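Accompanying notes for the structure given below.
It should be emphasised that the depicted structure is a prediction, and the values quoted were computed from it without experimental measurement. Note that these values count all heavy atoms, side chains included, but never hydrogens, waters or copies made by symmetry.
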Amino acid sequence: MEGDIMSQKTIIACCASSMITSKIVAEKILQLAKDHMIEAPKIIQCKFDEVHDKLQGEKVDCIIPTSPFPLEIDCSIKVILGTPLITGTNEIQTLDDVLVMLKS
């Protein structure tokens, strides 16, 4: 319906041990939203082993791990591999996938 306001998306950006690569992913996603003049998502940064706890009480639209995600999660939550946002290889395709999710 025209005039409806999309609700803010929530994304978990996660990495294996430290917060450095998840921070890089978060910054690129926020810049992507700004570049396309869409609402910036809420981004939760955490380690892989903290994802299940972060899912409690949160409506998460997408999880973006910086390497293959080692944990099983609710299959209704979209997972977009964020490795290209770190390495630069296939980064445009990954950003396009994130943009589609943000606009959905």
Side-chain angles (χ1 to χ4, degrees):
M1 186 169 138
E2 218 171 282
D4 282 346
I5 297 174
M6 293 186 337
S7 62
Q8 181 184 38
K9 301 289 186 185
T10 299
I11 297 172
I12 292 178
C14 54
C15 56
S17 59
S18 68
M19 299 292 283
I20 295 168
T21 56
S22 62
K23 181 176 176 58
I24 292 168
V25 167
E27 289 172 353
K28 288 188 178 190
I29 293 168
L30 292 173
Q31 186 63 50
L32 179 70
K34 182 178 178 181
D35 290 347
H36 289 271
M37 296 181 283
I38 58 178
E39 182 178 13
K42 173 182 178 183
I43 300 179
I44 301 167
Q45 291 176 236
C46 65
K47 299 176 186 177
F48 289 150
D49 61 359
E50 298 172 330
V51 170
H52 283 292
D53 289 339
K54 300 293 182 185
L55 290 171
Q56 303 304 313
E58 288 281 348
K59 180 196 168 291
V60 174
D61 299 286
C62 183
I63 298 173
I64 304 180
T66 60
S67 62
F69 193 59
L71 305 173
E72 288 193 23
I73 56 153
D74 178 345
C75 61
S76 68
I77 300 172
K78 183 166 187 62
V79 176
I80 298 173
L81 184 60
T83 307
L85 302 178
I86 304 302
T87 65
T89 304
N90 296 322
E91 182 177 46
I92 292 172
Q93 179 60 55
T94 301
L95 288 171
D96 286 346
D97 293 344
V98 173
L99 186 59
V100 167
M101 182 276 307
L102 289 173
K103 290 182 171 182
S104 67

Quick one: are [X] and [Y] in side-chain contact, heavy atoms under 4.5 Å?
X	Y	result
Ile77	Leu55	yes
Cys14	Pro65	yes
Pro41	Leu30	yes

Practice task
Please name all residues satisfying side-chain contact (heavy atoms from CB on, under 4.5 Å) with Leu95, sequence neighbours left out, ordered by chain then number.
Solution key: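 With neighbours one apart ignored, the set is Leu32, Leu85, Glu91.
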Handout entry: side chain to side chain contact (heavy atoms under 4.5 Å, CB included) between Ile43 and Ile64, intermediate numbers included
Key = CA-CA 10 Å; Ile43 300 179; Ile64 304 180; over 6 Å; no
Quick check against the 3.5 Å criterion: does [X] have a side-chain atom that pairs as donor or acceptor with the backbone of [Y]?
X	Y	result
Glu50	Lys47	yes
Thr66	Thr83	no
Lys9	Ser104	yes

Practice task
Consider only side-chain heavy atoms of I, L, V, M, F, W and Y, link residues closer than 4.5 Å, and tell whether Val100 and Val25 are in one cluster.
Solution key: no
Minimum heavy-atom distance [X]-[Y], with the two atoms named:
X	Y	answer
Thr21	Cys15	OG1-CB, 3.1 Å
Glu39	Ala33	O-CB, 4.0 Å
Leu81	Pro68	CD1-N, 3.7 Å

Atom [atom1] in [X], atom [atom2] in [Y]: separation rounded to 0.5 Å?
X	Y	atom1	atom2	value
Ser22	Ile44	OG	CD1	11.5 Å
Ile20	Gln45	CD1	CD	11.0 Å
Lys54	Asp49	NZ	CG	10.5 Å

Practice task
Going by the side chain to side chain contact (heavy atoms under 4.5 Å, CB included) test, name the single residue among Asn90, Leu102, Ile80 that passes it with Asp97.
Solution key: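 Filter result, single survivor: Ile80.
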Exercise for the section: Could you note down all residue pairs passing salt bridge (charged side-chain N to carboxylate O under 4.0 Å, His left out) where residues 57-69 supplies at least one of them, sequence neighbours left out? Expected result: Lys42-Glu58, Lys59-Asp61
